[in-house]
Trainee: 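Sharing a structure here in structure tokens format.
Values in this document were obtained by computation on a predicted structure and should not be read as measured data. Just so you know, these numbers use all the heavy atoms, side chains as well, and skip hydrogens, waters and symmetry mates.
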Amino acid sequence: EVQLVESGGGLVQAGGSLRLSCAASGFTFDDYAIGWFRQAPGKEREGVSCISSSDGSTYYADSVKGRFTISSDNAKNTVYLQMNSLKPEDTAVYYCAADPTITIATMRGPPLGLEVWGQGTLVTVSS
């Protein structure tokens, strides 16, 4: 079964840190890019960061550059999102998604057509 499972969400104060995990199974991890997306209440889902499992290239949305770091452990088929200096506006449900190709256009626009999605994990940042 093709599956992505997110974990690591929770409640944190502004300025704090969390590390999200996205564990993949059922497909060849090295052949896919993994992206993190988030959706705040009443807002559209937006791209946060992504990484290519084959060459490690990364992308970050401007809103998280310098605060979030994406990494991949191919031996564990897991992608991590280290989130530092969290702000209340980072509050959202965070989803990971996998696809052979995740373009910058996909990260900046509606994340349509991605092959696999996780169920999401809630991150709440209190002020």
Trainee: Students often mix this up, so state it plainly: with edges at 30° and 60°, are the rings of Tyr95 and Trp117 parallel, tilted or perpendicular?
Mentor: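 Tyr95 and Trp117: perpendicular rings.
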
Trainee: Less than 4.5 Å apart, side chain to side chain, heavy atoms only: is that true for Val48 and Tyr94?
Mentor: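 Val48 reaches Tyr94 side chain to side chain.
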
Trainee: How close do Thr91 and Ala40 get, counting heavy atoms only, and between which atoms?
Mentor: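 It is O-CB, 3.6 Å.
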
Trainee: Let me know which of Val93, Leu81, Val64 forms a side-chain contact (heavy atoms from CB on, under 4.5 Å) with Arg38.
Mentor: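 Option passing the side-chain contact (heavy atoms from CB on, under 4.5 Å) with Arg38: Val64.
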
Trainee: Can you tell me how far the OG atom of Ser49 sits from the CE atom of Met83, to the nearest 0.5 Å?
Mentor: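 Taking OG in Ser49 and CE in Met83, the distance rounds to 11.5 Å.
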
Trainee: Tell me, with the steps shown, if Ser53 and Ile34 meet side chain to side chain contact (heavy atoms under 4.5 Å, CB included).
Mentor: CA-CA 7 Å; Ser53 299; Ile34 305 292; 4.1 Å; yes

Trainee: Hey, does Ile102 have a side-chain heavy atom less than 4.5 Å from the side chain of Met107?
Mentor: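 Yes, close enough: below the 4.5 Å cut-off.
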
Trainee: Using modelled atom types and a 3.5 Å cut-off, is there a donor and acceptor pairing between side-chain atoms of Ser127 and backbone atoms of Pro88?
Mentor: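 It does not hold such a pair.
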
Trainee: Would you say that Leu20 contacts Val123 through its side chain, given a criterion of any heavy-atom pair below 4.5 Å between the two side chains?
Mentor: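 Contact flag for Leu20/Val123 side chains = yes.
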
Trainee: Less than 4.5 Å apart, any side-chain heavy atom of Phe37 and any of Leu114?
Mentor: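 They are in side-chain contact.
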
Trainee: Taking all non-hydrogen atoms of both residues, which atom of Ser21 and which atom of Trp36 are closest, and how far apart?
Mentor: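 Closest heavy-atom pair between Ser21 and Trp36: O-CH2, 3.6 Å.
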
Trainee: For Arg108 and Glu46, run side chain to side chain contact (heavy atoms under 4.5 Å, CB included): C-alpha distance rounded to whole Å, both residues' side-chain angles, the deciding distance at 0.1 Å, then the answer.
Mentor: CA-CA 7 Å; Arg108 291 178 176 172; Glu46 64 175 1; over 6 Å; no

Trainee: Any idea which heavy atoms bring Gly9 and Thr121 closest together, and the distance?
Mentor: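 Where Gly9 meets Thr121 most closely, the heavy atoms are N-OG1, 3.1 Å.
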
Trainee: Taking C-beta and beyond as the side chain, do Val12 and Ser17 meet within less than 4.5 Å on heavy atoms?
Mentor: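 No - every pair of side-chain heavy atoms lies 4.5 Å or more apart.
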
Trainee: Is there side-chain contact between Thr101 and Thr103, with at least one heavy-atom pair below 4.5 Å?
Mentor: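 A side-chain contact exists here, since the closest heavy-atom pair is under 4.5 Å.
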
Trainee: With rounding to the nearest 0.5 Å, note down the distance linking CD in Gln3 to OG in Ser25.
Mentor: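 With rounding to 0.5 Å, CD (Gln3) is 4.5 Å from OG (Ser25).
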
Trainee: Which pair of heavy atoms, one from Glu6 and one from Gly120, lies closest together, and at what distance?
Mentor: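 Heavy atoms of Glu6 and Gly120 come nearest at OE1-N, 2.9 Å.
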
Trainee: Which is it for Val79 and Phe29 under the side chain to side chain contact (heavy atoms under 4.5 Å, CB included) test, yes or no, and what are the steps along the way?
Mentor: CA-CA 10 Å; Val79 168; Phe29 188 74; 3.6 Å; yes

Trainee: Just checking, any donor-acceptor pair under 3.5 angstrom between side chains of Asp30 and Thr28?
Mentor: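 Result is no, nothing qualifies.
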
Trainee: Output yes when a side-chain donor or acceptor of Arg45 lies under 3.5 Å from a complementary backbone atom of Gln39, and no otherwise.
Mentor: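 Here the side-chain-to-backbone pair does not exist.
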
Trainee: Please determine whether residues Leu18 and Ile70 belong to a single hydrophobic cluster, defined as Ile, Leu, Val, Met, Phe, Trp and Tyr linked transitively by side-chain heavy-atom distances below 4.5 Å.
Mentor: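 Hydrophobic grouping puts Leu18 with Ile70.
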
Trainee: State, to 0.1 Å, how close Leu4 and Ala98 come at their nearest heavy-atom pair, and which atoms those are.
Mentor: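 Answer, listing the atom of Leu4 first, then Ala98: CD1-N, 3.6 Å.
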
Trainee: Mind checking whether Tyr80 and Leu86 sit in one hydrophobic cluster, side chains of I, L, V, M, F, W, Y counted as touching below 4.5 Å?
Mentor: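 Each belongs to a different hydrophobic cluster.
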
Trainee: I'd like to know if Lys65 and Asp62 make a salt bridge, using a cut-off of under 4.0 Å between side-chain N and carboxylate O.
Mentor: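 Here Lys65 pairs with Asp62 in a salt bridge, since their nearest N and O are under 4.0 Å apart.
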
Trainee: Any idea which heavy atoms bring Val2 and Phe27 closest together, and the distance?
Mentor: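 So the minimum-distance heavy-atom pair works out to CG1-CD2, 3.7 Å.
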
Trainee: When rounded to the nearest 0.5 angstrom, what is the spacing between CG in Leu122 and CG in Leu11?
Mentor: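 Answer rounded to 0.5 Å: 9.0 Å.
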
Trainee: Hey, does Asn84 have a side-chain heavy atom less than 4.5 Å from the side chain of Phe68?
Mentor: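 SC-SC contact between Phe68 and Asn84 ruled out.
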
Trainee: Have Asn74 and Ser72 got a donor and an acceptor in their side chains that come within less than 3.5 Å?
Mentor: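 Judged by distance alone, the side chains do pair up.
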
Trainee: Would a distance-only check, ignoring hydrogens and angles, find a side-chain to backbone donor-acceptor pair under 3.5 Å from Ser57 to Asp55?
Mentor: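 No, because the side chain of Ser57 does not come within donor-acceptor range (under 3.5 Å) of the backbone of Asp55.
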
